[in-house]
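Treat the numbers as computed from the prediction; the structure is a model and nothing was measured. Ligands are counted one by one from 1 in listed order, and the atoms in each one are counted from 1 as well.
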Amino acid sequence: MKDTARHQGMRNLLVQQLQEREHYPISDEKVLQAIRTIPRHLFLDSIFEEKAYQDIAFPIGAGQTISRPHTVAFQTELLQVREGQKILEIGTGSGYQSAVLITLNVELYTIERQQELFKKTKIFFEKMGYIPKKMLLGDGYRGYLPQAPYDRILVTAGAPEVPKELLAQLKIGGRIVIPIGKGEQVMTVLVRLSPTEFSKEEYGTFGFVPMLEKIQTRIR
Ligand code: SAH
């Protein structure tokens with residue numbers, strides 16, 4: 001598969017839809033520009049090529065999904081990313097959300113628990129030239145202590161509650177964006193005000209695959 005002017009046209013339309021939608025329209029120009037630039041169809045199986053720029057989720061293997069473009073854009077907007085920040089992402093998956101963050105010029109640490117996806121996306125990133133600071137095969141519930149604290153933490157799987165270890169790895173003034181709940185999730189933003197205090201904002205409900213514990217080396 002290649003990236004062509006036709007794909008670019010579809011991306012422009014997608015961005016327009018993200019800006020004009022009724023619920024949680026996206027207005028952060030840097031986020032929109034990343035969506036406009038990144039060839040989402042290349043992150044998907046070629047059978048989904050024609051639908052890659054519709055606002056839908058797709059299977060990416062190992063029983064996982066790539067989030068809808070709106071969900072990716074909305075989480076990124078809520079994260080309020082600034083250039084050069086140190087960011088921890090839980091749930092690398094297809095790498096599309098990681099690519100959005102890398103395009104925003106951050107120092108990205110990204111963790112995936114499914115070995116199959118981890119390997120596939122690592123090879124894909126090398127081919128595409130998306131360079132995270134580090135990709136880790138691991139359990140995101142534990143975060144990644146060697147590089148803590150982080151300016152931002154983004155969780156792209158549905159967590160039953162906010163993992164305490166992730167809160168502990170956030171800088172003072174740092175933000176975590178995390179979908180919380182079983183079944184469906186409430187998009188939740190926590191800002192660390194002091195070592196012990198956090199402010200909390202909640203947004204709409206979303207449907208994520210569950211955040212699970214431990215590394216998975218074999219499927220099912
Ligand atoms: N950001 C991804 C979304 C993938 S879906 C994308 O753009 O494609 C969520 C991903 O989180 C899945 O790949 C799943 O395997 C992973 N995941 C779930 N629980 C996890 C955990 N505890 N640690 C790391 N990754 C986890």
Side-chain angles (χ1 to χ4, degrees), residues 14 31 34-35 37-45 48 51-53 55-79 81 87-104 106 108-125 128 130 132 134-145 147 150 152-167 169 176-185 187 206-220:
L14 169 62
V31 175
I35 305 278
T37 333
I38 300 168
R40 184 171 188 258
H41 63 289
L42 300 182
F43 291 74
L44 302 170
D45 191 289
F48 302 125
K51 291 188 171 171
Y53 297 103
D55 192 24
I56 43 185
F58 293 100
I60 52 172
Q64 305 306 317
T65 53
I66 178 173
S67 301
R68 294 168 58 162
H70 175 259
T71 304
V72 172
F74 188 52
Q75 284 200 289
T76 313
E77 187 168 84
L78 289 176
L79 204 59
V81 174
I87 302 192
L88 179 66
E89 178 193 28
I90 313 298
T92 315
S94 69
Y96 180 71
Q97 171 74 70
S98 317
V100 169
L101 294 170
I102 291 167
T103 303
L104 297 174
V106 305
L108 181 68
Y109 298 84
T110 181
I111 309 181
E112 172 57 53
R113 68 179 286 279
Q114 290 273 8
Q115 189 178 43
E116 177 190 328
L117 281 175
F118 170 78
K119 284 185 180 166
K120 191 167 137 190
T121 301
K122 198 169 200 317
I123 293 166
F124 176 70
F125 275 173
M128 295 290 293
Y130 290 115
K134 204 168 175 94
M135 287 182 79
L136 300 137
L137 174 65
D139 179 356
Y141 276 99
R142 293 160 174 260
Y144 183 56
L145 201 52
Q147 287 293 332
Y150 299 92
R152 301 286 187 263
I153 299 177
L154 177 59
V155 180
T156 70
E161 58 189 5
V162 190
K164 293 211 168 47
E165 298 204 35
L166 293 184
L167 293 183
Q169 293 179 25
I176 178 169
V177 175
I178 178 168
I180 298 288
K182 292 180 181 156
E184 60 178 25
Q185 294 83 24
M187 192 62 76
F206 291 78
F208 283 82
V209 295
M211 184 169 175
L212 302 171
E213 289 179 57
K214 300 193 180 133
I215 292 170
Q216 178 80 40
T217 51
R218 250 188 241 143
I219 305 312
R220 282 170 284 268

List below, pair by pair, the N or O atoms of ligand 1 and of the protein that are less than 3.5 Å apart, including the distance to 0.1 Å; reply 'none' if no pair qualifies.
{"unit_1": "ligand 1", "atom_1": "1 (N)", "unit_2": "G91", "atom_2": "O", "d": "3.0"}
{"unit_1": "ligand 1", "atom_1": "1 (N)", "unit_2": "T156", "atom_2": "OG1", "d": "3.2"}
{"unit_1": "ligand 1", "atom_1": "7 (O)", "unit_2": "Q97", "atom_2": "N", "d": "3.2"}
{"unit_1": "ligand 1", "atom_1": "8 (O)", "unit_2": "S94", "atom_2": "N", "d": "3.0"}
{"unit_1": "ligand 1", "atom_1": "8 (O)", "unit_2": "S94", "atom_2": "OG", "d": "2.7"}
{"unit_1": "ligand 1", "atom_1": "13 (O)", "unit_2": "E112", "atom_2": "OE1", "d": "2.8"}
{"unit_1": "ligand 1", "atom_1": "13 (O)", "unit_2": "E112", "atom_2": "OE2", "d": "3.3"}
{"unit_1": "ligand 1", "atom_1": "15 (O)", "unit_2": "E112", "atom_2": "OE2", "d": "2.6"}
{"unit_1": "ligand 1", "atom_1": "19 (N)", "unit_2": "L212", "atom_2": "N", "d": "3.0"}
{"unit_1": "ligand 1", "atom_1": "22 (N)", "unit_2": "D139", "atom_2": "OD1", "d": "3.1"}
{"unit_1": "ligand 1", "atom_1": "22 (N)", "unit_2": "G140", "atom_2": "N", "d": "3.4"}
{"unit_1": "ligand 1", "atom_1": "22 (N)", "unit_2": "L212", "atom_2": "O", "d": "2.6"}
{"unit_1": "ligand 1", "atom_1": "23 (N)", "unit_2": "G140", "atom_2": "N", "d": "2.7"}
{"unit_1": "ligand 1", "atom_1": "25 (N)", "unit_2": "R113", "atom_2": "N", "d": "3.3"}

- Task: Taking E116 for its side chain and Q114 for its backbone only, find out whether a donor-acceptor pair lies under 3.5 Å.
- Result: no
Residues 91-99, side-chain donor-acceptor partners within the protein, below 3.5 Å, at least two apart:
{"unit_1": "T92", "atom_1": "OG1", "unit_2": "T110", "atom_2": "OG1", "d": "2.8"}
{"unit_1": "T92", "atom_1": "OG1", "unit_2": "I111", "atom_2": "O", "d": "3.3"}
{"unit_1": "S94", "atom_1": "OG", "unit_2": "Y96", "atom_2": "N", "d": "3.2"}
{"unit_1": "Q97", "atom_1": "NE2", "unit_2": "T76", "atom_2": "OG1", "d": "3.0"}
{"unit_1": "S98", "atom_1": "OG", "unit_2": "E89", "atom_2": "OE1", "d": "2.6"}

- Message: Under a 3.5 Å distance rule, please check whether Q169 uses its side chain to pair with a backbone N or O of Y150 as donor and acceptor.
- Response: no
- Task: Can you label the angle between the F208 ring and the F206 ring as parallel, tilted or perpendicular, going by 30° and 60°?
- Result: tilted
- Between the side chain of T65 and the main-chain N/O of I60, is any donor-acceptor distance below 3.5 Å? no
- Message: Any side-chain to backbone donor/acceptor pair from R113 onto E213? Under 3.5 Å, distance only.
- Response: yes
